[in-house]
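Taking it in order: structure first as structure tokens, then the write-up.
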Amino acid sequence: EALVSPLGYFLQPDRSRPRFPRDDLEPVSWHGTNIRSESQGPDRDATSVQFRAIELLRAEAEWDIVIDDDGPGETADIVLLKVDDQTLRVVLCHCKYSGGDSPGSRVGDLYEVCGQSQKSYKARSEIELILKKLIRREQHRQAANRPGLIVGDLDGLLDILDRVHVLDVAVTVVIAQPGLSKSQMSIPQAELLACTAHYLSDTYGSRLRVLCSE
């Protein structure tokens, strides 16, 4: 469909939409996970999507902080922090349960988690506020005897907050959705993920990763 601008120019908009490359999806093993169960909860349910995502991400580095921040007002379901020389590596993981009993091409499995991921776009510019919020929320959890810290402690969080003004910040946003199948990814799913990736990259230079099923 062509358009005519107010100045009389004849325009032919580009209707093509970018798609998230299938090869950029990261299929992982969800063995032992109930893909219909999202949050690990205070009892740290080992069959939940969140528990498995923590296992996977925790194994990737010697993190200074790994925290379950799941709940109303969360920064992300899982937050991982590591200071490497002069860089603070920040990983914000958003988990979502599958809409079916097996992985597939359901675009509905991605709508909410992509929206949550896009809301992380200011993390790099607002890292001091994020750290203060993490500390405050963890203090409340510990007071209720429901700590969210899995690796590290409050002193470690406070130390990172004290130093963050002299550190470069690199943010990676992770979607953990076992209901997404790499082999079956649909065009609408690929377009939605691409929009999310481009938005995160074009605003504050954050990277998007997607943990899915085969």
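Values in this document were obtained by computation on a predicted structure and should not be read as measured data.
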Salt bridge present between [X] and [Y] (N-O < 4.0 angstrom):
X    : Y   : value
R209 : E60 : yes
R137 : D70 : no
D84  : K82 : yes
D101 : R36 : yes

Taking atom CD1 of I67 and atom CD of E74, what is their separation to the nearest 0.5 Å?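 So the gap between those two atoms works out to 11.5 Å.
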
Rounded distance [0.5 Å steps], CG in D24 versus CE in M185: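 The CG atom of D24 sits 9.0 Å away from the CE atom of M185.
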
Go through the steps for K122 and T203 under the test side-chain contact (heavy atoms from CB on, under 4.5 Å), then give the verdict. CA-CA 8 Å; K122 283 189 176 181; T203 50; over 6 Å; no

Looking at [X] and [Y], what are the two nearest heavy atoms and their distance?
X    : Y    : value
L154 : E138 : CD2-CG, 3.9 Å
L134 : R141 : O-NH2, 4.4 Å
L92  : V90  : CD2-CG1, 3.9 Å
W30  : A176 : CH2-CB, 4.2 Å
L200 : S120 : CD2-C, 4.4 Å
A61  : R89  : CB-NH1, 4.2 Å

Does [atom1] belonging to [X] count more than 12 external heavy atoms closer than 6.0 Å?
X    : atom1 : result
Y97  : OH    : no
N145 : CG    : no
I187 : CD1   : no
R146 : CZ    : no

Taking [Y]'s backbone N and O only, do any of them form a donor-acceptor pair with [X]'s side chain (distance below 3.5 Å, no angle check)?
X    : Y    : result
Q189 : R106 : yes
S213 : P178 : yes
S48  : D45  : yes
Q177 : D109 : yes
Q50  : Q40  : yes

Please assess I65 against V79 for the test side-chain contact (heavy atoms from CB on, under 4.5 Å), listing each intermediate value before the final yes or no. CA-CA 8 Å; I65 298 291; V79 180; 6.0 Å; no

Are the side chains of L81 and I160 in touch, meaning some heavy atoms are under 4.5 Å apart?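 Yes, side chains in contact.
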
Compare all side-chain heavy atoms of V174 with those of E26 and state whether any distance is below 4.5 angstrom.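 SC-SC contact between V174 and E26 ruled out.
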
V151/D64 under side-chain contact (heavy atoms from CB on, under 4.5 Å): CA gap, chis, key distance, verdict: CA-CA 7 Å; V151 173; D64 298 319; over 6 Å; no

Can you find a side-chain donor-acceptor pair between T196 and Q118 that sits under 3.5 Å?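 Indeed, the side chains of T196 and Q118 share at least one donor-acceptor pair under 3.5 Å.
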
Residue that, paired with L180, satisfies side-chain contact (heavy atoms from CB on, under 4.5 Å) out of L193, I175, V113: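 Considering L193, I175, V113, a side-chain contact (heavy atoms from CB on, under 4.5 Å) with L180 is found only for L193.
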
Stepwise, does the side-chain contact (heavy atoms from CB on, under 4.5 Å) test hold for K96 with V49? CA-CA 7 Å; K96 192 63 182 173; V49 173; over 6 Å; no

